[in-house]
Enquirer: 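This is the structure I want to talk about, given as structure tokens.
In this text, all values refer to a predicted model and were calculated from it rather than measured experimentally. Below, chains carry the letters A, B, ... as their sequence lines are ordered, and counting in each starts from 1.
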Number of protein chains: 2
Amino acid sequence: MKLLPVIFLLALTAATSALDNGLMRTPPMGWMSWERFRCNVNCENDPKNCISENLFRDMADRLAEDGWKEMGYDHVMIDDCWSSMLRDKDGRLQPDPQRFPGGIAKLARYLHDRGLKLGIYGDLGTHTCGGYPGTTLDKIETDAQTFASWGVDFLKLDGCYSNEEDQQKGYPLMSKALNATGRPIGYSCSWPAYRGGLPPSVNYTLLGEICNLWRNYDDIQDSWNSVQDITDWFFDNQEILQPEAGPGRWNDPDMLIIGNFGLSVDQSRSQMALWAIMAAPLIMSNNLRTLSSEARAILQNRAAIAINQDPMGVQGRRLLQERSLIEVYWRPLSQSASALVFLSRRQDMPYQYHTSLAKLNYTAGSYEVCSSFLVPFLVLSNHIVAHDDSISSSA
Amino acid sequence: MKLLPVIFLLALTAATSALDNGLMRTPPMGWMSWERFRCNVNCENDPKNCISENLFRDMADRLAEDGWKEMGYDHVMIDDCWSSMLRDKDGRLQPDPQRFPGGIAKLARYLHDRGLKLGIYGDLGTHTCGGYPGTTLDKIETDAQTFASWGVDFLKLDGCYSNEEDQQKGYPLMSKALNATGRPIGYSCSWPAYRGGLPPSVNYTLLGEICNLWRNYDDIQDSWNSVQDITDWFFDNQEILQPEAGPGRWNDPDMLIIGNFGLSVDQSRSQMALWAIMAAPLIMSNNLRTLSSEARAILQNRAAIAINQDPMGVQGRRLLQERSLIEVYWRPLSQSASALVFLSRRQDMPYQYHTSLAKLNYTAGSYEVCSSFLVPFLVLSNHIVAHDDSISSSA
């Protein structure tokens, strides 16, 4: 496909250096326990769904055996409620002995043997959000070393029970402590989510020099309302957020909830398309054991994943917002390509929407529409066809 | 299943006489054009989806050939935007000649030949909601006779562009005019929806002596928010609404939107279960040509339909509402049976809910749980099991 390069030059001007651990040059992909399994520690009554090594081994098996790993979903991320309520005699975090009898190091080996990576969760504060031991400033080095010694590949550091000053000190300190372990560990900071969403003011140009990704906004819930709320917030703040993102440093609108209970098929397609445009981490939180074929097909959509993982790593933008009619989202891709998403939020019926490349700010020239691996038009509802320079969408 | 009869005696005390056309002793079932196809009259660009005789013939074919008729879905209901903008030289309504070239009588024969019934739409006012000719008071007899002469079996009489006085006169007048035609014509009054939702004050004991069904509340839209809003309104007002309903006279929470774009599978199951408990008309508005197998299975669920069509015709009630946890709905059925629905609106994860029959106001005694045709527990999300007198729900 040929697009005039002027389209994405603007967006590229903001690209600068990122955290130098060399990780996550494209948005991380994988699976995380929180949205779907929360802090369910009731293994006696609910052994299949409680936070335990069995759950993470099961999900690792699914990622490895059901085609996920090949698509790029290679992280299994433990969220809150994995640890014992007490640190060990040397002050180190330790997993709950009943629910993780094999320990984290063994679980990490299980994943590594299958070509997968293990993520773990901590909280920069006195306690985690779920009430488990937190990582206060004096514990940062210890915990970084513990995680590295277990063979952990990723850390999500939450921000419950800490104040602004601690966060201002602690998030950069953990970044250095992780780097000091010598083990490459991807680093997700929940920092902005505790400071109103936008990247907090730091002594650095970009938050991306401290963290590989960061949660900006509220936790996602299993509903289309929640997906819309997050989407609106991200694109309403795109002028500030978009320059922060790039290879190795990503805004994180939270997990993919596709495959759970709250989204219709069309709403699921919409989340996937929007997360692709946003260059968002593609971290599912669902039950991979019982996923429907529709949900699987959406999450394994090659075009959406290719757009999400585009090596140029430019976060997309909202081009057009006619709320009662259509919204158009756009992301410039490498090799002079573009991705466009047409989103209709109407609750009445499908309708025809006609536009033109000129109206979408594409300059005059010759365009080719790809419809296979790298489709520029993500199909959200029914069909979108493009011919000559006019685009017709029935969404 | 054995349940002590005290459970439903209370509800039965309100049962009195209904409109004496003998129709709709159980809630009507079928298909209606509005929610899914609206006032799309653009047959040139959208021939498959515009309001035309082709659309209604297509849906009749689907009802007759895809197992719907056998399940009870036997009405094909034309909604707004079917008519010409002008009455004929004798003052009679006439269909749009381009979109209904064969006329309504021919369409009615097409349906009758397939064992189906035809519904049509009118509006007690100067114009229909879509701007087509309305039925002012002086036209009521003419229009009733026109509909009867065409072989129409059902009339939805909307209430746009009329005032309270006209409605107070007009809705009963149309009831008499339809009866006077000698043709049995089911009669749906949108009257309450224009007067705040509750049955308007009339010189009759029950609205059911005038109409077979009536729309109480706002039009349904293609979203779970809309389904919840309607459900809440109906059950918040159950003390007033429930006694109005019975064989031949039904509150109408509007169409089933299952199979469209806005509901997840679980939300679709919930609408079906709640409409069954409410003794609501089961009038689908969707595209029967392209329905998913999941949507079809939910709409053709034998247990839900049997509960909805229970001959005793008592509208169900909300028993319990713990918003952040569970809501329990209940409908007494004939043969001493009961239907219970457990609805969870949580947006986090499935959870276990334990209750007991005693807590649900079932008196001491012996109970049997049916799980086949007449299941007392409609499965909303995952599974609901009952053993001894305790009920465990993972919803």
Side-chain angles (χ1 to χ4, degrees), chain A residues 33-40 42 44-46 48-51 79 218-229 257-271 285-287 290 292-295 343-352 354 380-383 392 394-395, chain B residues 33-40 42 44-46 48-51 79 218-229 257-271 285-287 290 292-295 343-352 354 380-383 392 394-395:
Chain A
S33 53
W34 183 259
E35 196 289 316
R36 179 63 179 73
F37 294 96
R38 306 276 165 162
C39 194
N40 178 359
N42 189 348
E44 202 168 321
N45 290 333
D46 202 8
K48 293 286 279 183
N49 301 310
C50 67
I51 301 301
D79 206 282
D218 294 346
D219 286 2
I220 199 164
Q221 307 296 331
D222 187 15
S223 75
W224 176 232
N225 284 349
S226 176
V227 172
Q228 292 183 93
D229 184 37
I257 59 168
I258 297 161
N260 294 321
F261 309 102
L263 296 192
S264 73
V265 171
D266 287 280
Q267 290 159 356
S268 299
R269 286 187 186 131
S270 301
Q271 192 190 18
S285 191
N286 50 21
N287 188 343
T290 57
S292 73
S293 56
E294 287 89 351
L343 178 69
S344 164
R345 306 204 204 187
R346 290 180 72 132
Q347 299 182 8
D348 51 356
M349 63 170 193
Y351 67 100
Q352 300 205 327
H354 294 273
L380 289 188
S381 287
N382 287 351
H383 67 278
S392 164
S394 170
Chain B
S33 53
W34 184 257
E35 196 289 316
R36 179 62 179 75
F37 296 96
R38 308 277 165 160
C39 194
N40 178 359
N42 189 349
E44 202 168 321
N45 290 333
D46 202 8
K48 293 287 279 181
N49 301 310
C50 67
I51 301 300
D79 206 283
D218 293 345
D219 285 2
I220 199 165
Q221 307 297 331
D222 187 16
S223 75
W224 176 233
N225 284 350
S226 176
V227 172
Q228 292 183 94
D229 184 39
I257 58 168
I258 297 162
N260 294 321
F261 310 101
L263 296 191
S264 73
V265 171
D266 287 278
Q267 290 159 357
S268 300
R269 287 188 185 131
S270 300
Q271 192 191 17
S285 191
N286 50 21
N287 189 343
T290 57
S292 72
S293 55
E294 287 88 351
L343 177 69
S344 163
R345 306 205 205 187
R346 290 180 72 132
Q347 299 180 10
D348 51 355
M349 64 170 192
Y351 68 99
Q352 300 205 327
H354 294 272
L380 289 188
S381 286
N382 287 352
H383 67 279
S392 164
S394 170

Enquirer: Looking at B:Gly262, is its backbone amide N or carbonyl O close enough to the side chain of A:Gln267 to form a donor-acceptor pair, meaning the two atoms are under 3.5 Å apart?
Expert: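 Yes.
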Enquirer: Yes or no on side chain to side chain contact (heavy atoms under 4.5 Å, CB included) for A:Glu294 and B:Glu294, after CA distance, side-chain angles and deciding distance?
Expert: CA-CA 11 Å; A:Glu294 287 89 351; B:Glu294 287 88 351; 3.0 Å; yes
Enquirer: Taking all atoms of both residues into account, what is the closest heavy-atom pair of A:Ser264 and B:Phe261, and its distance?
Expert: OG-O, 2.6 Å
Enquirer: Determine the minimum heavy-atom distance between B:Gln347 and A:Glu35, stating which atoms define it.
Expert: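 Nearest heavy atoms, B:Gln347 then A:Glu35: O-OE2, 3.5 Å.
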Enquirer: Would B:Asp348 and A:Asp222 satisfy side chain to side chain contact (heavy atoms under 4.5 Å, CB included), going step by step from the backbone distance to the final call?
Expert: CA-CA 6 Å; B:Asp348 51 355; A:Asp222 187 15; over 6 Å; no
Enquirer: Any side-chain heavy-atom pair from A:Ser223 and B:Arg345 closer than 4.5 angstrom?
Expert: no
Enquirer: How long is the span from the CE atom in A:Met349 to the SG atom in B:Cys39, to the nearest 0.5 Å?
Expert: 8.5 Å
Enquirer: Heavy-atom pairs under 4.5 Å with chain B are the metric here; pick the option from A:Asp219, A:Asn225, A:Asn260 that has the most.
Expert: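 Looking at each option in turn, the highest pair count goes to A:Asn225.
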Enquirer: Side chain, backbone, both or neither: which part of A:Asn287 has an atom under 4.5 Å from a heavy atom of chain B?
Expert: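 The answer is neither part of A:Asn287.
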